[in-house]
There are 2 protein chains.
Amino acid sequence: MKQTAYLRHIAYDSVIFGFSGEKLKILITKYHNTGLFALPGGFVKIDENLNDAVRRGLKERTGLDNIYLEQFYTFGDVARFRPEVMQTILEANGHSIQTYEWMLDRFISVAYYALINYSEVVPTPDALSDSCDWYSLDDLPELMLDHGNIVNKALQTLRDNLERQLVGMNLLPPLFTMGDLQKVYEAILGEKLHRGAFQRKMLGLGILKRHDKQYSGAAHKAPFLYSFEAK
Amino acid sequence: MKQTAYLRHIAYDSVIFGFSGEKLKILITKYHNTGLFALPGGFVKIDENLNDAVRRGLKERTGLDNIYLEQFYTFGDVARFRPEVMQTILEANGHSIQTYEWMLDRFISVAYYALINYSEVVPTPDALSDSCDWYSLDDLPELMLDHGNIVNKALQTLRDNLERQLVGMNLLPPLFTMGDLQKVYEAILGEKLHRGAFQRKMLGLGILKRHDKQYSGAAHKAPFLYSFEAK
DNA sequence: TATTATTGTCACAAAATGAGACAATAAATA
DNA sequence: TATTTATTGTCTCATTTTGTGACAATAATA
């Protein structure tokens, strides 16, 4: 990895949303021997499209291709420039500062959020990290630099876009119940929705295909399973 | 201007919207002796916040402070990298390529749109340009690089955000009629709106203050003037 | 004084939304 | 087998929002 392989001053960070246990979660990495938690991020190769760089990183971190991905903001304040933080990380990994000096420069970070099917993912740490794990949004560790802000803005954007995006399609497995879908919406919005109205609206969109019922073994009526259908 | 004064690989472009003659317009600059039209843009100083760099550029181009400004996308495709274009511009201005070699590198561009009061602006070209003028959105010249895409995405974002933003407040003078306001909305959306419903909705927002009537000298009822009011 | 163009407001229909009610039903329980 | 429990699918009704046209008011003109 030569110094010239990456564009200087430019990084990306990704807020990778998954849904499990009725909670919205995101992937967080922890750097070796530092106690520092961060969003999965990376750099852009000299001859690589920005969007492709992010997809490459997502693939490495989750194993998935063809992820639903949305760029939402570019963070460029000078206050982001904290070379001592990156230096700590590099030193904790035994890397020579000389080779990675370019990493100590000021970076502008393009932030993306991704929506993925939780059950398909095998979170994988990168070379500098000793873990890459799911954290509930309401139980995040302290994140380094402005990564907390980035998460907040990602969630805000996701909420704003909720009506315009097929969110459930990306956060749920191929077959799901109406209750599953409602729980996803409630987790994102952070509020309870009326069951009847929600069902009416979702069915009214005309994008759900009804399948056989799901017999859960529980003592009540079995719900239908649904899948999303491109019209 | 030393090479190290600016962050490498990072630029911004701005889509500056104004409203005049019932049309939505944007500012376009034309580079000396090249026939190249472009969005007003610039670079970020090493010790400058990204957002501040954009405001600095806007101030130079329009003379205005405190502009309504919204970042909407960052363009990072390799296809943007066309050093011969920038070289043409520099040579046409008699600049030595050596001094400005950093400008020939690949750039990632953070795009913003601004909403301004047309009548307050004195468009001012920068050093490389011989004009900075208003163009109607439906009558734009061919723009260099991907600037045409940037304009399209800016307009799309503006439309999407129309209900969440006080657009009229930024595109109109302090006092305006309900008809003026409706024309702004129609220009942005590109469609006619029903007069009665529009008036009902705007008044229902509770953010308009009614003033004296405007006697236009025309042969019909005089409309009220309105201003926006922070609640 | 009648005419013209535009404005402020309303009335009504249509559509969308909020909220509760009820029957249906899969499994557990008596 | 009959009853109970929890949840589901659907419906109805009230409320709110939206789409559409109509009307009187009015500033200037003919």
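Just so it is clear: chains get the letters A, B, ... in the order the sequence lines come, proteins before strands, and each one is counted from 1.
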Nearest-nucleotide check on DNA chain C, B:Thr177 vs A:Arg195; residue mapping nearer the 5' end is B:Thr177

At less than 3.5 Å, do the side-chain atoms of [X] and the base atoms of [N] form a donor-acceptor pair?
X	N	result
B:Arg200	C:dG8	no
B:Lys221	C:dT6	no
A:Arg210	D:dG9	no

Check the distance between [N]'s [atom2] and [X]'s [atom1] and give it to me in whole angstrom.
X	N	atom1	atom2	result
A:Leu203	D:dC11	CG	P	11 Å
A:Asp212	D:dG9	CG	P	13 Å
A:Tyr215	C:dA24	OH	C1'	12 Å
A:His194	D:dT12	NE2	P	15 Å

So, the side chain of A:Arg61 versus the backbone of A:Thr124: is there a donor-acceptor pair under 3.5 Å, distance only?
-> yes

Taking only the side-chain nitrogens and oxygens of A:Lys201, find out if one of them lies under 4.0 Å from OP1 or OP2 of C:dT17.
-> yes

Which is true for A:Gly217 with a 4.0 Å heavy-atom rule: it touches a base, it touches only sugar-phosphate, or it touches nothing?
-> sugar-phosphate

Scan B:Ala222 against the nucleic acid and name what it touches under 4.0 Å (heavy atoms): base, sugar-phosphate only, or nothing.
-> sugar-phosphate

Give a yes/no verdict on a cation-pi contact between A:Arg210 and A:Tyr226, requiring under 6.0 Å between NZ or CZ and the six-membered ring centre and an angle within 45° of the axis.
-> no

Any ion pair linking A:Lys59 and A:Asp65 (charged N to carboxylate O, less than 4.0 Å)?
-> yes

Determine if A:His220 stacks with D:dT5; use a centre-to-centre distance below 5.5 Å and an interplanar angle below 30° as the criteria.
-> no

Measure the acute angle between the ring planes of A:Tyr113 and A:Tyr68, then classify it against the limits of 30° and 60° as parallel, tilted or perpendicular.
-> tilted

